[in-house]
Amino acid sequence: MSAGKTTKVLFASSEIAPFAKTGGLADVCEALPKALLPLGVTPTLCLPLYRIVKEGGWDLEVVIEDLPVQVGDDEIQADIHRGWLTKEIPVFFVQRDEFFDRTSLYGTPKGDYFDNAQRFAFFSYAVFALSKTLDQRWDVIHCHDWQTALIPVYLKTVLSDDPLFAKTKTILTIHNLGYQGIFPAETFPRLGLPSQLFSVEGLEFWGKVNFLKGGIDFADQVTTVSPTYAGEIQTPEFGNGLEGVLKTKASSLIGILDGVDYSVWSPENDPHLAAHYSSDDLSGKRACKEDLLKRCQLSHDLLERPLLGMVSRLAGQKGVDIICEVVDKVMAAGAGLVILGSGEKRYERLLVQMARKYPQQMIVRIAFDESLAHQIEAGCDIYLMPSLYEPCGLNQMYSLRYGTLPVVRRTGGLADTVVEVNPKKRKGTGFQFIDYHPDALWKAIDKAVQCFANRELWQQLIQQAMAQDFSWSRSAGEYLRLYQRLTKRG
Ligand code: ADP
Ligand code: GLC
């Protein structure tokens, strides 16, 4: 790269907010490109054209029709639409209705779509077909999770002779090692990869195909989303079988903490809230609590009692089982509980059953509801995030900004962002526990409830929490340095 030129980075992701989101990956792929723009990066984004995007009323323009995408022996066509994240950041949407015009992104409550391997291999190839048609020479392609993990593999194998990509570097960011894109061996021949890659040195993993493993092997740089998680995933407890592969990359594996887009998540100007507030004037927070209690038809008495909240994908990772085991104690302490989530049926059922026992104090809303998510962050006093593991976690950082003190398990990004409260010193921003056990969780909740009872202390803690700064600017700078280092390597 010569001086004065910007770094051209293509973000290839299966989720980008506000277009398509199931979790934090979408938030990151919206916020990081925005934060990189003022640092001299020219970001371009690429996302499948899901049904939810089609129905989202976005201003999209068809820019390429019938783009041939060669996936192994099959030629499959795609139409490319262009939209804009901001007026400087284009988003290319890959349309192939057979793959993406479906009710969800990855599957239904019954399970994953049967052809996810083909869907995302196709998307990954489409990124290259699109780049060629646009004649775009990317400095870096930044891939995210298993869905785009084949991009580094294709680049270094089937496309290794293509002059357009000769200088392109790839980064794979692992947002969650719990999802690796593992498929039966029979899928391999349909991926358009040389057969020798179905081996231990390549994508083979216990007789199956593992997309993420391929990405880890072939990417020029692997990152993950918090420093603590970067260390954890090199151990058998958190490595999900890939700890060995990750260890071989240890010298270059880095954890860069996700950030918060405070233009979306700030109680001072959040359009979803009944009232606005800041750490100097918390009266609006009380109004938000009153509004939330009303919306959820919970007892008005809870206005003076601690109100606990959670917004989450309902997956094994998130600690729903230990929450269910402490609900009776939380209720006996006279606290309230609001949970918004969707995901695995067993957790949905369990939570709904619990809530039926306590109609005045507890509500569970099974939905994906952006507005309610913001209202819970603002209207609650305490936020629950007792995750079994948590690569970074955004909700605890949102909670801090909304003055809703988080109770977290000390793991991954939760360990990196929450400071244990010391009531005597009147310092700290949240409550941590270590053992993944209901007793340990209850102890942390109980401590939070005790602190809440001391109004003056609680106000001081809220103010410290709200003063934390997890804006993207710092982490975006780290990504920039990484891009620069990679592109300099030539
Ligand atoms: P993860 O990515 O593992 O799901 P994060 O804490 O990083 O966890 O990010 C979760 C994001 O998804 C947050 O923006 C959160 O508000 C949002 N979210 C999760 N479940 C829901 C839901 N049911 N309704 C609305 N937003 C949700
Ligand atoms: C994943 C992780 C979460 C992280 C998010 C964004 O979904 O589960 O911890 O915050 O990605 O990086």
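Just so you know, ligand 1 is whichever comes first in the structure, and atom 1 is the first atom listed for that ligand. All residue numbers in this chain count up from 1 along the given sequence. Any value given below was found using the heavy atoms of this structure, including those in side chains, with hydrogens, waters and symmetry copies removed.
- Between Asp101 and Arg51 there is a salt bridge, with a side-chain nitrogen of the basic residue lying less than 4.0 Å from a carboxylate oxygen of the acidic one.
- Sorted by chain then number, the residues whose non-hydrogen atoms approach ligand 2 to under 4.0 Å are Gly24, Leu25, Val28, His175, Asn176, Val225, Asp258, Arg313, Gln317, Glu390, Pro391, Cys392, Gly393, Leu394.
- Sparse packing is recorded around CD1 of Ile52, with 12 or fewer heavy atoms of other residues, nucleotides or ligands lying under 6.0 Å away.
- In summary, the side chains of Ser124 and Thr148 do not present any donor paired with an acceptor at a separation below 3.5 Å, with no hydrogens or angles considered.
- A distance-only check finds no donor-acceptor pair linking the side chain of Glu348 to the backbone of Leu314 [under 3.5 Å].
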Check ligand 1 for N or O atoms under 3.5 Å from a protein N or O and list each pair with its distance.
from, atom 1, to, atom 2, distance (Å)
ligand 1, 2 (O), Gly24, N, 2.6
ligand 1, 3 (O), Arg313, NH2, 2.8
ligand 1, 3 (O), Lys318, NZ, 2.8
ligand 1, 4 (O), Arg313, NE, 2.7
ligand 1, 6 (O), Leu394, N, 2.9
ligand 1, 6 (O), Asn395, N, 3.3
ligand 1, 6 (O), Asn395, OD1, 3.4
ligand 1, 7 (O), Leu394, N, 3.3
ligand 1, 8 (O), Lys318, NZ, 3.2
ligand 1, 9 (O), Gly24, N, 3.2
ligand 1, 14 (O), Lys21, NZ, 2.9
ligand 1, 14 (O), Asp27, OD2, 2.8
ligand 1, 16 (O), Asn395, ND2, 3.4
ligand 1, 23 (N), Ala367, O, 2.7
ligand 1, 24 (N), Asp369, N, 3.0

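- The ring pair (Phe, Tyr, Trp, His ring centres under 6.0 Å) analysis of residues 10-52, with sequence neighbours excluded, yields the pairs Phe11-His142, Phe11-His144, Phe19-Trp58, Phe19-Phe93, Tyr50-Phe100.
- Remark: Glu478 engages no residue in a side-chain hydrogen bond (donor to acceptor under 3.5 Å, both in side chains) (not counting sequence neighbours).
- In this structure, Lys208 places its NZ atom where only 12 or fewer heavy-atom neighbours from other residues, nucleotides or ligands lie under 6.0 Å away.
- Surrounding NZ of Lys443 are at most 12 heavy atoms belonging to other residues, nucleotides or ligands under 6.0 Å away.
- Results of the ring-ring contact (aromatic ring centres under 6.0 Å, His included) test with Trp146 over Phe183, Tyr179, Phe205 single out Phe183 as the only residue that passes.
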